[in-house]
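I'd like to ask you about the structure that follows.
Whatever order the structure lists ligands and atoms in, that order sets their numbers, starting from 1.
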Amino acid sequence: MKQRSPGLEALREYTRPVPRLAVPGSHSALQILLGAREEGLEAILVATRAQFEAIYSRFPWLYTRVVLLDSWKELATRRVVSELRGLETILVPHGSLVEYVGPDNLLDLELPMLGNRFLLPIEASWEEKMRLIEEAGIPTPRRIRSPGEATGPVIVKLPGAKGGRGYRIALPGELEHVLSEIEKLGYKRDEVIIQEFLVGVRLYAHYFASPVMGRVELLGMDQRLESNIDGLARLPPGIASRLGLEPSFTVVANTPMVARESLLAKILRYGDAFAEAVERRTGYPMTGPFSLEGVVTDDLEYRVFEFSGRIVAGTNVYTGQQTPYAALYWEEPMYMGRRIARELRLAAERRQLEKIIT
Ligand code: AMP
């Protein structure tokens with residue numbers, strides 16, 4: 001049965017012709033704020049005092065008002081929710097918000113949210129997350145359910161969107177030891193996922209699912225620069241193991257990317273298939289930004305190890321610019337932050353807001 005959507009219920013009270021955007025100050029806030037400005041939408045920045053002072057106070061022309069928090073958990077309190085509702089805002093969630101506020105708090109938040117909030121519990125569990133990708137018919141890395149099943153290098157991932165912090169790579173013989181070390185850190189075995197470590201080129205594809213235009217747009221791609229794994233590759237062979245250096249996957253930066261054109265057949269198809277799988281599973285359409293994250297192997301298979309159901313920080317590489325793929329759909333500069341604002345504006349003008357929020 002379709003779950004009730006607290007955001008759709010809150011939306012019924014709104015009377016402004018075009019709602020305001022509530023943008024949480026971190027992650028990709030600057031490009032969302034800029035996009036809102038370019039589309040003539042009013043943006044309300046929601047930020048912790050510390051982040052506001054360090055970053056966002058320098059760009060006061062990007063928002064019309066600030067809601068300051070002492071800590072991110074405050075966002076889910078009655079005071080902040082009613083302030084944001086009073087301002088008739090639609091919240092644009094991103095990965096940092098999910099990490100700071102928690103998926104359960106966001107799921108119940110009585111505030112209209114851009115996108116499909118029912119993906120939040122799916123994303124919080126590796127089991128559910130990978131099942132959804134498989135349901136979409138998208139190839140994934142082989143899953144290792146017990147140490148004996150590993151035949152080559154594997155990656156062991158911790159739960160939650162931690163930007164790859166604490167992940168481990170192991171050979172089959174080391175896996176039992178690595179798992180016991182992870183248990184000592186307080187994680188349960190069934191919370192971690194073990195996948196075949198894919199060797200190839202990483203490719204993070206950015207999509208925008210648009211109920212207003214009736215299509216899933218491929219807007220861009222990026223590759224992450226991760227510390228220290230990307231630095232290890234620069235050491236002569238053997239040095240890392242002599243020094244006892246373990247690889248880590250802390251995202252530091254992103255670079256733009258384009259794929260060879262023939263790969264687009266798969267990349268475009270997987271975007272559509274993912275959006276369809278989300279709608280089948282949750283009963284609500286996939287709306288707004290999402291990303292498929294994977295590796296293209298030497299047989300040109302795109303195998304997806306992870307998805308994000310909202311804007312990824314890799315889209316920041318195109319802030320303020322046209323992207324090579326967005327140019328195929330839109331004649332003016334169109335990057336993810338602006339695409340969000342465009343959808344909101346078009347949906348409001350066509351009285352279709354209920355199609356794009358939950
Ligand atoms: P994730 O948290 O799933 O986005 O993974 C963080 C990083 O780990 C990715 O950006 C990749 O560099 C790496 N990674 C994750 N899964 C795999 C995999 N199955 N094979 C190779 N590298 C991976």
- Message: Is a donor from one side chain sitting under 3.5 angstrom from an acceptor on the other, for Q51 and S26?
- Response: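 Distance-only check fails for Q51 and S26.
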
- Task: Select one of side chain, backbone, both or neither to describe which atoms of F249 lie under 4.0 Å from any atom of ligand 1, heavy atoms only.
- Result: side chain

- Of the backbone atoms (N, CA, C, O) and the side-chain heavy atoms from C-beta on, which set of Y204 has a member under 4.0 Å from an atom of ligand 1: side chain, backbone, both, or neither? side chain

- Identify, with sequence neighbours excluded, every residue that meets ring pair (Phe, Tyr, Trp, His ring centres under 6.0 Å) alongside F274.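 Testing F274 for ring pair (Phe, Tyr, Trp, His ring centres under 6.0 Å), a comparison that skips the adjacent residues, returns F290, F307.
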
- Task: Please determine if P141 has a nitrogen or oxygen closer than 3.5 Å to a nitrogen or oxygen of ligand 1.
- Result: no

- Message: Under 4.0 Å from a heavy atom of F197: which atoms of ligand 1 are those, numbered in the order shown and with their elements?
- Response: 20 (N), 21 (C), 22 (N)

- Message: Heavy-atom pairs closer than 4.0 Å: do any link ligand 1 to the side chain of E196, the backbone, both, or neither?
- Response: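 Near ligand 1, E196 shows its backbone, while the atoms from C-beta on stay back.
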
- Message: Please report whether ligand 1 has a polar contact with E226, defined as an N or O pair separated by less than 3.5 Å (distance criterion only).
- Response: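 By distance alone, the answer is yes.
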
- d(I90 CD1, L84 CG) to nearest 0.5 Å is 12.0 Å

- Query: Can you list every pair that meets salt bridge (charged side-chain N to carboxylate O under 4.0 Å, His left out) and has a residue in residues 263-279, with sequence neighbours left out?
  - Reply: K266-E301

- Message: With no hydrogens and no angle check, just 3.5 Å: does a side-chain donor-acceptor pair link T151 and R142?
- Response: yes

- Is I155 touching ligand 1 with its side chain, its backbone, both, or neither, if touching means heavy atoms under 4.0 Å apart?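 It is the side chain that gets close, since no backbone atom is under 4.0 Å.
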
